[in-house]
Amino acid sequence: MDTQPMPDPQPNLRRFAYHFEPHTGWMNDPNGLVFFQGKYHAFFQHFPYDRCWGPMHWGHAVSEDLIHWQELPVALTPNESYENAGGCFSGSAVVKDDRLYLIYTSVSREFGQAQSVAWSDDGIHFTKYEDNPVLLADVDAEIHEDFRDPKVFPYGDAYRMVTGGFHNGRGRVLQFASEDLLHWEYMGVLYESLEYHLPLECPDLFPLGDKWVLMYSRIGRPEYAVQFIVGSYDGETFTPESYQTPEAGPQFYAPQSFEAEDGRRLIMGWFYDWSKPPVTKGRSAGALTVPRELWLDEFGMLRSYPVREAWKLTRALRPCKEDQSTLPGIRIFADVDRVCVEEAAAGRRLEHFGNIQTVEVLEDVKGCEIYVNGGEVNFSVNL
């Protein structure tokens, strides 16, 4: 199999202007969001050869302004024996000693889901570590077959990794520690859900103000699929304080946070969902949301709102009940106590009730993102 997608002789009939989507093939989870050598890098789950899920590659795009993205050659191709049963699944990126490291889940018949490492000095060409995988499932430590999506972040003079997991009917987030990104020590279960009985996918743990936020995605949920938990973290233990779901969805999944050049905590998600019917036109399927900034307001509530670079793309909606969408297939109603979003083709109706002060929308060719009360709750709809 070739390592690069074929040129696109028949471009999509409609392509996003501000939401990144690949020129060809399938994409899902954002991976390895990072600022490196003067540019923002967005990697993503990618199958370049069809508009459906296949052996996973890591696609790659860069941006200087977080709005306009240039697609680069595929960064990771599943060409090693430890990637022969699914490919290169989701992961993250870390800059260490001016080198860009990618930490990802490699899936093989021999090792199952394991964690592997690649690196680059120019941000374009990547070398896989000769001793991959660096971290294997361990039944004795209750690390089983659902062991994926490593998110790595610096902590003190070392690094921490959280991964998704599942055991005895409970979704889990597991924690590991390393000093060099290559050798990892298991620290135990960071968090487990007593109410969610599937693997917790794409976990992320990051500082926000004087708090920490644990974030993960719940597959199979048509709405509110992303859970945010605000709490405290001391390098070993995460203590939850409040559970929040500011993203109503449904097309917002597997988000990953990263730090902007100026220190803002940003987030991007998969602007799509697993329930969408197969794409029959164009050459690609899937996109990324517009980057958002995260912060905690004075009451400790998480806010998620477009980065300031995208403010010029939004428009305010009037507090009235008439349809205020300009996109065929989406109807938006907003008044003082309710926001309602209807997607005709999918037969979906999403509502949020409360004290509605402001409603803003970013519309883009074939989808929109809607922000209520400055990011108190959001809707993402990809047609």
Side-chain angles (χ1 to χ4, degrees), residues 5 8 10-31 42-59 61 69 71 86-87 89-90 149 198-199 201-202 216-227 245 247-256 267-292 325-332 340-352 361-370 378-383:
D8 184 2
Q10 186 178 9
N12 283 7
L13 300 179
R14 297 189 302 163
R15 290 187 60 83
F16 284 117
Y18 307 111
H19 292 78
F20 173 78
E21 59 184 338
H23 290 294
T24 62
W26 165 271
M27 74 164 296
N28 53 288
D29 307 356
N31 300 153
F43 301 89
F44 52 92
Q45 292 288 271
H46 189 34
F47 184 56
Y49 310 103
D50 205 343
R51 297 172 302 223
C52 59
W53 194 96
M56 285 290 93
H57 301 53
W58 271 38
W69 295 86
E71 188 170 2
F89 278 16
S90 291
D149 311 335
L198 289 171
E201 295 197 312
C202 303
Y216 55 84
S217 293
R218 301 174 288 187
I219 194 169
R221 290 181 64 104
E223 303 168 22
Y224 299 98
V226 182
Q227 179 72 68
T245 51
E247 176 57 52
Q251 277 102 12
F252 184 90
Y253 194 77
Q256 187 171 108
I267 189 174
M268 294 177 72
W270 181 36
F271 192 38
Y272 210 71
D273 76 271
W274 294 110
S275 67
K276 286 180 70 66
V279 174
T280 59
K281 295 181 180 180
R283 291 288 299 263
S284 68
L288 296 179
T289 62
V290 168
R292 301 177 187 170
S325 172
T326 65
L327 294 174
I330 297 178
R331 304 174 70 195
I332 305 172
C340 177
V341 183
E342 296 180 353
E343 183 184 356
R348 279 194 278 239
R349 181 187 180 97
L350 306 168
E351 293 185 280
H352 173 70
V361 61
L362 192 159
E363 293 177 319
D364 186 5
V365 182
K366 51 184 177 177
C368 65
E369 298 182 55
I370 302 163
N378 303 321
F379 300 91
S380 301
V381 181
N382 182 338
L383 294 171

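We count residues from 1, following the sequence as given.
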Has the side chain of Asp149 got a donor or acceptor atom that lies under 3.5 Å from a matching backbone atom of Glu201?
no
Closer than 3.5 angstrom, by distance alone: can the side chain of Lys276 be matched with the main-chain N or O of Asn382 as a donor-acceptor pair?
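Yes.
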For Asp273, enumerate each residue passing the salt bridge (charged side-chain N to carboxylate O under 4.0 Å, His left out) test, keeping only those at least two apart in sequence or located in another chain.
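With neighbours one apart ignored, the set is Arg348.
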Who pairs with Arg349 by salt bridge (charged side-chain N to carboxylate O under 4.0 Å, His left out), at least two apart in sequence or on another chain?
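Arg349 satisfies salt bridge (charged side-chain N to carboxylate O under 4.0 Å, His left out) with Glu342, Glu351 once adjacent residues are dropped.
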Measure the acute angle between the ring planes of Trp270 and Tyr272, then classify it against the limits of 30° and 60° as parallel, tilted or perpendicular.
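The arrangement is tilted - the two ring planes meet at 30° to 60°.
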Roughly how far apart are [X] [atom1] and [Y] [atom2], rounded to 0.5 Å?
{"X": "Phe89", "Y": "Asn31", "atom1": "CZ", "atom2": "CG", "result": "11.0 Å"}
{"X": "Glu71", "Y": "Thr24", "atom1": "CD", "atom2": "OG1", "result": "6.5 Å"}
{"X": "Gln45", "Y": "Ser90", "atom1": "CD", "atom2": "OG", "result": "3.5 Å"}
{"X": "Ser325", "Y": "Glu363", "atom1": "OG", "atom2": "CD", "result": "4.5 Å"}
{"X": "Leu383", "Y": "Gln251", "atom1": "CG", "atom2": "CD", "result": "8.0 Å"}
{"X": "Asn378", "Y": "Arg292", "atom1": "CG", "atom2": "CZ", "result": "4.5 Å"}

Ring pair (Phe, Tyr, Trp, His ring centres under 6.0 Å) involving [X] - partner list, sequence neighbours excluded:
{"X": "Phe379", "result": "none"}
{"X": "Tyr18", "result": "none"}
{"X": "Phe44", "result": "Phe20, His46"}

Would you say [X] and [Y] make side-chain contact, with heavy atoms under 4.5 Å?
{"X": "Cys368", "Y": "Leu362", "result": "no"}
{"X": "Arg15", "Y": "His23", "result": "yes"}
{"X": "Asp50", "Y": "Trp26", "result": "no"}
{"X": "Pro48", "Y": "His57", "result": "yes"}
{"X": "Leu288", "Y": "Phe271", "result": "no"}
{"X": "Glu369", "Y": "His19", "result": "yes"}
{"X": "Tyr253", "Y": "Asn28", "result": "no"}
{"X": "Glu21", "Y": "Lys366", "result": "yes"}

Of all heavy-atom pairs between [X] and [Y], which one has the smallest distance, and what is that distance?
{"X": "Asp364", "Y": "Leu327", "value": "N-CD1, 4.4 Å"}
{"X": "Met27", "Y": "Pro22", "value": "SD-CD, 3.3 Å"}
{"X": "Val365", "Y": "Ala17", "value": "CG2-N, 4.1 Å"}
{"X": "Phe16", "Y": "Ala287", "value": "CE1-CB, 3.7 Å"}
{"X": "Ala42", "Y": "Trp69", "value": "CB-CZ3, 3.6 Å"}
{"X": "Arg51", "Y": "Gly282", "value": "NH1-O, 2.5 Å"}

Taking it one step at a time, do Glu247 and Ser380 satisfy side chain to side chain contact (heavy atoms under 4.5 Å, CB included)?
CA-CA 8 Å; Glu247 176 57 52; Ser380 301; 3.4 Å; yes
Using residues 220-227 as the side-chain source, report each donor-acceptor pair under 3.5 Å to any protein atom, sequence neighbours left out, with the distance given to one decimal.
from	atom 1	to	atom 2	distance (Å)
Arg221	NE	Tyr224	O	3.3
Gln227	OE1	Arg218	NH1	3.2
Gln227	NE2	Gln244	O	3.2

Worked verdict on Ile332 versus Cys340 for side chain to side chain contact (heavy atoms under 4.5 Å, CB included)
CA-CA 6 Å; Ile332 305 172; Cys340 177; over 6 Å; no
